[in-house]
Structures are given as structure tokens and as C-alpha cells.
Amino acid sequence: MSDTPDELPAGWPTTEAEATAVQDELRGRVVRDEPGPSPDAPLIAVGVDVAYDDEHDLVAAAAVALDSDTLEVVAEATAVGRVAFPYVPGLLAFREIPTVLAALDRLPVSPGLVVCDGYGLAHPRRFGLASHLGVLTGLPTIGVAKNPFTFRHADPGPLRGDTSPLLDGAEEVGRAVRTRSGVKPVFVSVGHRVSLDRACAFTLRLAREFRLPETTRRADALCRAALRAASADA
DNA sequence: GCGACAG
DNA sequence: ATCTTGTCGC
């Protein structure tokens, strides 16, 4: 009773040159002048994540919708697909997005915010996974990454809520955010239609007792389970 | 040219 | 991301 792998979108980039060209073309469609939804009012926050089985050429994606106030799960959806692109730093979106879109399509609620694993603006060409997903869906998106990527940063203060900027020269393209005192920070950047201040505020609202936002924790667990099921009968 | 490098 | 045992701690 598991999913059949979805077909790849027609015309999906095959080479790195094609992929970077797509990023350069879509980058202009990112909306950065909207503050986005208020972190103080309840909304449906959706976490998306992907797991891989390169042996069987499978990708499983999950979208988990939470009430941002209670952190209760409101809805979940998964999708299985074929690996659409190799892992290349800076081109992660081409590997993850097709299956993530399929999972989002199956989600029976409309997201007020989508939380991605990885970066948005803080990307070599200013168009990371979170920006890309935002442009393709029109939804407000943010990126919360577990590891540093392109930009240098100072270590934020030791307490939950302490932050330090990810700087590209004088421009702040993201922020290292300490979600738990004494634990290494996460790296937040804007995706689409959300300000950096609000992206950081949402991150703290969604990450209360663990380092990572509950959205990404739930999505991570669900996509792994979906992958196990798909690999088992494939 | 040599590393570094989200997931 | 994924491969992987035990281990320290709440």
C-alpha cells in the first residue's frame, strides 16, 4: 500500500549549467519586501523534508502541518519520487523540490508558512532551496539550516534567543540563531515573502524544547518512515 | 590551482 | 543526506 514514484517534471534541469541558469532566471521573482505573517498569531506552519535511498534511486518527501501555537499536528502528507539531480552544493533545490511539491499538493490544508531544511537568501546566487520553493508555490517560506554554508558568522551569545548575522560584506543575508542555551545554533534565512526578523521569530516559536523547529523534526521523522516503506517493496 | 561546501 | 555501537545523561 505504498506510493508509486512520481515522474520528474518535464524539462527539469539535467546539468549544473542549466540549473544555475534557472536560478538566475527565477531569482528576480523572490518577494523580499513583505514582512510576512505575524509570528504572534496562530497559523499553520508546514515543515518539509526529504530522505534518500540512492540504492533504489528513491526520494521520499514529507510535509507536516502544525498549529504554530500548540505545535499539534494538523495534517501530514508524503510523496515518493526518483532522484532528480545529484547533490551539488548550491543546487540542492533541484534534488529536493519535485518530491516536496508532490507532498505539498497532497496536504489537505493551506500553509501559512513553509519551513525548509537549508537556506534561502544566504546562498551563493541568493536563491537557495527556501527561495526556490517560495517562488514556485507563492507561499511564505523560510530556511532553517543545521550547518553553516556560504557566509561567515560570529558565534552568537550562549543563551536561547541570541543571534549573530550571516554577512555578505555589509549585507545581512541570514542569522545564526541559538534556539537552546549552550547548544549550537541553527542558521536562518529568508525564503519568500517573510522578513528576516519574522523568520527568526518563527524559528524560536517553533523550536521550544529542541534545537530544531518542531516542523522540521516532524517532517524528518515522516519522510524517513515513508522512505522505509517505499524501499521495502521496491 | 587548492580547499570548502545546505542536504 | 547516509553509513553505524556504544555511551553519557535527564
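Every chain is numbered from 1 and lettered A, B, ... according to where its sequence line falls, protein lines coming before strand lines.
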Task: ring pair (Phe, Tyr, Trp, His ring centres under 6.0 Å) partners for F151(A), two or more places apart - done: none

Task: Short side-chain donor-acceptor distance under 3.5 Å, D53(A) and S231(A) - done: yes

Open item on the list: Please check this pair: side chain of T78(A) against backbone of A226(A), looking for a donor-acceptor N/O pair closer than 3.5 Å.
Closed with: no

Task: D155(A)/R178(A) ion pair, N-O < 4.0 Å - done: yes

TODO: Look at all strands and tell whether L91(A) reaches a base, only sugar-phosphate, or nothing, counting heavy atoms closer than 4.0 Å.
DONE: base

Open item on the list: Can you confirm whether the side chains of E96(A) and Y87(A) place a donor and an acceptor under 3.5 Å from each other?
Closed with: no

Open item on the list: Can you see whether F187(A) has R175(A) sitting over its ring - NZ or CZ less than 6.0 Å from the centre and within 45° of the normal?
Closed with: no

TODO: Mark yes or no for whether R152(A), through its side chain, and D168(A), through its backbone, hold a donor-acceptor pair below 3.5 Å.
DONE: no

Open item on the list: Rounded to whole Å, how long is the line connecting atom CG of L129(A) with atom P of dA6(B)?
Closed with: 13 Å

Can you give me the N/O atom pairs linking the protein to nucleotides 1-5 of chain B at distances under 3.5 Å, or say none if there are none?
none

TODO: Using a strict 4.0 Å threshold on nitrogen-to-oxygen distance, state whether D24(A) and R27(A) make a salt bridge.
DONE: yes

Open item on the list: Between C1' on dA6(B) and NE2 on H153(A), what's the gap in Å once rounded to a whole number?
Closed with: 13 Å

TODO: Name all stems that contain residues of DNA chain B, defined as runs of 3 or more consecutive Watson-Crick or G-U wobble pairs, both distances under 3.5 Å.
DONE: none

Task: T141(A) backbone acceptor or donor facing R193(A) side chain under 3.5 Å - done: no

TODO: Using ring pair (Phe, Tyr, Trp, His ring centres under 6.0 Å) as the criterion, list what pairs up with F94(A), not counting sequence neighbours.
DONE: W12(A), F85(A), H132(A)

Open item on the list: Using a 4.0 Å heavy-atom cut-off, does G143(A) contact any base of the nucleic acid, only the sugar-phosphate backbone, or nothing at all?
Closed with: nothing

TODO: To the nearest Å, give me how far apart CG (L58(A)) and P (dG7(B)) are.
DONE: 22 Å

TODO: Measure from NZ or CZ of R29(A) to the centre of the six-membered ring of F127(A), then state whether that distance is under 6.0 Å and the direction lies within 45° of the axis.
DONE: no

Task: Check ion pair E16(A)-R125(A) (N to O, under 4.0 angstrom) - done: no

TODO: Please list, by residue number, the residues of residues 185-212 of chain A whose heavy atoms come closer than 4.0 Å to an atom of DNA chain B; answer none if no residue qualifies.
DONE: none

TODO: Provide, to the nearest angstrom, the distance between the CD1 atom belonging to I97(A) and the C1' atom belonging to dG7(B).
DONE: 13 Å

What N/O pairs connect the protein and nucleotides 1-10 of chain C at under 3.5 Å? Give each pair on its own line.
residue	atom	partner	partner atom	Å
dA1(C)	OP2	K146(A)	NZ	3.1
dT2(C)	OP1	Y52(A)	N	3.4

Task: Ionic contact status for R198(A) with E34(A), cut-off 4.0 Å - done: no

